[in-house]
S.K.: 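This structure is in structure tokens; I'll ask about it shortly.
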Protein chains: 2
Amino acid sequence: MENQHIRKAGLKVTLPRVKVLEILQGDSSLHMTAEDVYKRLIENGEEIGLATVYRVLTQFEAAGLVEKHHFEGNVSVFELNRGAHHDHIVCTDCGRVEEFVDDVIEDRQRAIARERGFAIKGHSLIIFGECERPECPHRRES
Amino acid sequence: MENQHIRKAGLKVTLPRVKVLEILQGDSSLHMTAEDVYKRLIENGEEIGLATVYRVLTQFEAAGLVEKHHFEGNVSVFELNRGAHHDHIVCTDCGRVEEFVDDVIEDRQRAIARERGFAIKGHSLIIFGECERPECPHRRES
DNA sequence: ATGTATGCAAAACATTTGCACCTGG
DNA sequence: CCAGGTGCAAATGTTTTGCATACAT
């Protein structure tokens with residue numbers, strides 16, 4: 001029961017919060033905008049307002065249940081926090097997102113912050129490229 | 001004369017474009033929002049509309065004269081393209097921005113993209129931390 | 001001249017907020 | 001019951017666009 005997660009965050013277990021969490025858990029692309037979540041709720045026949053989706057996602061983020069990223073443009077995307085930190089590589093054509101972790105990069109970032117007298121709080125690393133998936137619009141002919 | 005840069009970009013050399021370029025060149029913080037540029041123009045007594053600032057910055061970006069970043073929140077910041085690629089470290093308290101380049105990180109990014117079958121197009125790396133500048137609000141007492 | 005560029009106001013978005021009503025514990 | 005949560009509509013902040021006018025070449 002992930003409802004415990006909601007409760008532990010000090011939030012009442014309400015229908016919108018449970019449903020939003022379910023949507024995020026069932027999301028294979030791993031990264032959705034607030035609008036995406038809202039649309040899927042509507043598809044599922046739920047009567048939940050967009051404003052509530054924003055409020056719930058913001059609360060989840062504050063509680064550490066969810067992470068918010070800015071991949072491009074002026075839209076925020078949300079993903080379930082599955083515990084392990086990772087960065088992202090995004091296909092500039094099909095929008096597909098993969099996650100990765102690189103200890104060398106992590107170490108270098110810490111070193112750079114230290115050298116420059118910054119107490120590191122976090123970072124955002126996104127690699128943009130074109131993937132080779134068959135469904136990617138820019139797939140080269142083979 | 002940087003006006004050549006404007007001309008080379010296939011754009012007419014107009015007063016708004018020259019002035020915006022001047023503002024960016026004279027900016028010590030290196031990173032301004034469209035609104036920042038607009039305010040400075042007004043301070044300087046120019047009669048240039050905010051919409052024009054956005055249009056000019058967008059054209060400059062397309063021409064490679066300027067780079068656009070998303071440091072945090074839903075605002076875009078612009079900086080003059082001075083040729084050399086670099087990443088950013090931003091103070092989460094005072095907003096100060098420093099630039100850095102790390103070849104190890106650059107190499108690892110290329111390797112990660114290759115391993116995963118992405119033709120790398122670019123990347124965005126921002127480290128967030130608290131700086132130790134005297135004027136930084138969170139400066140620890142010494 | 002003439003195709004571009006600009007200014008202004010209005011539109012388009014993403015996100016937030018005020019408020020009366022509803023609901024979970 | 002009642003503090004907290006929700007829906008809706010309106011407000012906000014940023015960026016874009018339509019259109020009549022002004023300008024660079």
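Letters A, B, ... mirror the listed sequences (proteins, then strands); counts begin at 1.
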S.K.: Give a yes or no on whether A:Glu115 atom CD has more than 12 heavy-atom contacts from other residues, nucleotides or ligands under 6.0 Å away.
M.R.: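 More than 12 within 6.0 Å, yes.
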S.K.: Starting from C1' on D:dT14, measure out to NE2 on A:His70 and report it in whole angstrom.
M.R.: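 These atoms are roughly 14 Å apart.
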S.K.: What is the separation between atom CD1 on B:Ile6 and atom P on D:dA24, rounded to the nearest whole Å?
M.R.: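 These atoms are roughly 12 Å apart.
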S.K.: So, OP1 or OP2 of C:dG25: does either fall under 4.0 Å of a side-chain N or O from A:Arg7?
M.R.: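 Checking C:dG25 against A:Arg7, a side-chain N or O does come within under 4.0 Å of OP1 or OP2.
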S.K.: Between D:dT6 and A:Arg17, is there an OP1 or OP2 to side-chain N/O distance shorter than 4.0 Å?
M.R.: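 Affirmative; the distance criterion is met.
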S.K.: Among residues 40-62 of chain A, which ones have heavy-atom contacts with DNA chain D below 4.0 Å?
M.R.: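 Residues of residues 40-62 of chain A that come under 4.0 Å of DNA chain D are, in numerical order, A:Glu47, A:Ile48, A:Gly49, A:Ala51, A:Thr52, A:Arg55.
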S.K.: Between the side chains of A:Glu99 and A:Arg82, is the shortest nitrogen-to-carboxylate-oxygen separation below 4.0 Å, so that they form an ion pair?
M.R.: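 So A:Arg82 pairs with A:Glu99 through a salt bridge.
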S.K.: Mark yes or no for whether B:Asn44, through its side chain, and B:Glu46, through its backbone, hold a donor-acceptor pair below 3.5 Å.
M.R.: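 Checked: no pair found.
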S.K.: How long is the line joining CG of A:Leu15 and C1' of C:dT23, in whole Å?
M.R.: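 Interatomic distance, CG of A:Leu15 to C1' of C:dT23: 11 Å.
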S.K.: According to a strict under-4.0 Å criterion, is B:Thr14 in side-chain N/O contact with OP1 or OP2 of C:dT6?
M.R.: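 Yes, such a contact exists.
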S.K.: The side chain of B:Ser76 is closest to which nucleotide in this list: C:dA5, D:dT25, D:dT15?
M.R.: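 Of the options given, the side chain of B:Ser76 lies nearest D:dT15.
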S.K.: Write out all pairs satisfying ring-ring contact (aromatic ring centres under 6.0 Å, His included) with one or both partners inside residues 94-123 of chain A, taking only residues at least two apart or from two chains.
M.R.: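 Pairs touching residues 94-123 of chain A that pass the test: A:His85-A:His123.
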S.K.: Select one nucleotide: of C:dG24, C:dA5, D:dT14, the one nearest the side-chain heavy atoms of B:Lys12.
M.R.: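 Shortest atom-to-atom distance from the side chain points to C:dA5.
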